[in-house]
Amino acid sequence: MIRLLLADDEDLIRGALAALLALEDDITVVAEAATSTDAVRLALEHRPDIAVLDLEMPPTDGLSAATEIRAALPTRIVLVTRHARPAVLRRALAAGVTGFVPKTTAASRLAEILRDVAAGNRYVDPEIAASALTEGACPLTDRELEVLRASRTGDSVNEIATRVHLAPGTVRNYLSAAMGKLGVSSRHAAAHRAWEEGWI
């Protein structure tokens, strides 16, 4: 029996998926979570074989939850997403994620993928994989990415500066450079674009 944790902040989707997967003879859902925090807590409590995590899930995201779960357990991770960016795929694979599927995947196909993952195989949606091979490189420097990542919390420039151990003026310079490269007019838009692209 393959023991699953399902995590998705959309109750209807999570509930429907749990009901459909429960129809499979060899799959059982042992826990359901609506946040990335609960996903980690329930994974530690139930120790599932596989955690199926929505990528876009508060308060952090599915990839952060995957990293925490993988650090503590041998649980295999399948990320499900509506917006599959190639850079996110690369980060997910580096974090030890073993499955990457779009939300358009049928429940019966997901069940097959889960069996493959449980057997020790990796599955990446072919369209996402093809995109990852053709996407251009990130135009931002590591420091610009670090500052944008820190700015996603909505903190002030001074608070960001404290967190990344830089002077406030230096943080402003990195934010300005990132905004210019991305063609946006605010640091929030730059951080959102970088997150959407999977760079942070």
Side-chain angles (χ1 to χ4, degrees), residues 7-11 13-14 33-41 43 51-71 77-97 100-104 124-125 127-200:
D8 192 308
D9 61 319
E10 296 179 61
D11 293 344
I13 290 174
R14 188 181 67 251
T35 67
S36 55
T37 307
D38 283 345
V40 174
R41 180 180 59 78
V52 180
L53 308 176
D54 181 20
L55 179 63
E56 298 90 15
M57 182 173 46
T60 55
D61 60 30
L63 188 50
S64 298
T67 303
E68 285 188 59
I69 293 168
R70 290 288 298 157
I77 307 290
V78 173
L79 279 181
V80 182
T81 182
R82 191 174 276 125
H83 307 290
R85 299 285 190 200
V88 174
L89 170 61
R90 287 194 288 273
R91 285 176 45 224
L93 294 176
V97 169
F100 203 92
V101 297
K103 275 198 172 177
T104 53
V124 176
D125 176 73
E127 286 188 26
I128 297 170
S131 262
L133 294 172
T134 57
E135 182 195 61
C138 172
L140 304 176
T141 67
D142 288 344
R143 276 297 203 178
E144 288 163 355
L145 290 170
E146 179 186 21
V147 169
L148 285 179
R149 189 176 297 112
S151 75
R152 287 198 72 217
T153 60
D155 289 345
S156 69
V157 168
N158 287 342
E159 290 168 324
I160 293 167
T162 300
R163 185 172 321 121
V164 297
H165 310 291
L166 293 171
T170 305
V171 167
R172 282 189 196 88
N173 290 341
Y174 282 128
L175 289 171
S176 178
M179 288 161 47
K181 289 178 182 179
L182 298 179
V184 296
S185 59
S186 75
R187 64 185 165 119
H188 303 293
H192 183 69
R193 166 82 190 283
W195 180 83
E196 274 192 327
E197 293 292 343
W199 298 329
I200 60 173

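Values below: every heavy atom of this structure, side chains too, minus hydrogens, waters and symmetry copies.
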Closest non-hydrogen atom pair between Ser36 and Pro59, with its separation: OG-CD, 3.2 Å
Ile200 to Arg152 - nearest heavy-atom pair and separation: CD1-CD, 3.5 Å
4.5 Å side-chain heavy-atom contact, Leu93 and Val124: yes
Atom pair CZ (Arg149) and CG (Leu145), whose distance is rounded to the nearest 0.5 Å: 6.0 Å
Test item: Arg14 and Asp11 side chains (from C-beta on) under 4.5 Å apart, heavy atoms: yes
Test item: Arg163 and Val171 side chains (from C-beta on) under 4.5 Å apart, heavy atoms: no
Asp9: partners by salt bridge (Lys or Arg N to Asp or Glu O under 4.0 Å), with sequence neighbours left out: none
Worked verdict on Leu63 versus Val97 for side-chain contact (heavy atoms from CB on, under 4.5 Å): CA-CA 8 Å; Leu63 188 50; Val97 169; 4.3 Å; yes
Smallest separation among heavy atoms of Gly62 and Leu53, with atom names: O-CD1, 3.5 Å
Any side-chain heavy-atom pair of Leu79 and Val101 under 4.5 Å: no
Rounded distance (nearest 0.5 Å) linking atom CE of Met179 with atom NE2 of His188: 9.5 Å
Arg172: partners by salt bridge (Lys or Arg N to Asp or Glu O under 4.0 Å), with sequence neighbours left out: none
Shortest non-hydrogen separation from Arg193 to Leu182 and the atoms involved: NH1-O, 3.4 Å
Salt bridge (Lys or Arg N to Asp or Glu O under 4.0 Å) between Glu10 and Lys103, worked out: CA-CA 12 Å; Glu10 296 179 61; Lys103 275 198 172 177; 3.4 Å; yes
pair Tyr174-Leu166: side-chain heavy atoms closer than 4.5 Å: yes
Interatomic spacing from CG in Leu140 to CG in Leu148 - rounded to 0.5 Å: 6.0 Å
Derivation and outcome, side-chain contact (heavy atoms from CB on, under 4.5 Å), residues Thr81 and Glu56: CA-CA 7 Å; Thr81 182; Glu56 298 90 15; 2.6 Å; yes
Between Asp61 and Ser64, a side-chain donor and acceptor under 3.5 Å: yes
Audit row: Thr170, Arg143, side-chain contact (heavy atoms from CB on, under 4.5 Å) steps and yes/no: CA-CA 10 Å; Thr170 305; Arg143 276 297 203 178; over 6 Å; no
Minimum heavy-atom distance Ala33-Ala39, with the two atoms named: CB-N, 3.5 Å
Evaluation steps, side-chain contact (heavy atoms from CB on, under 4.5 Å), between Ile160 and Arg187: CA-CA 12 Å; Ile160 293 167; Arg187 64 185 165 119; 3.2 Å; yes
Interatomic spacing from OG1 in Thr67 to CZ in Arg91 - rounded to 0.5 Å: 8.0 Å
Separation of Leu175 CG from Ser151 OG (nearest 0.5 Å): 5.5 Å
Where Ala189 and Val184 come nearest, the two heavy atoms and their spacing: CB-CB, 3.8 Å
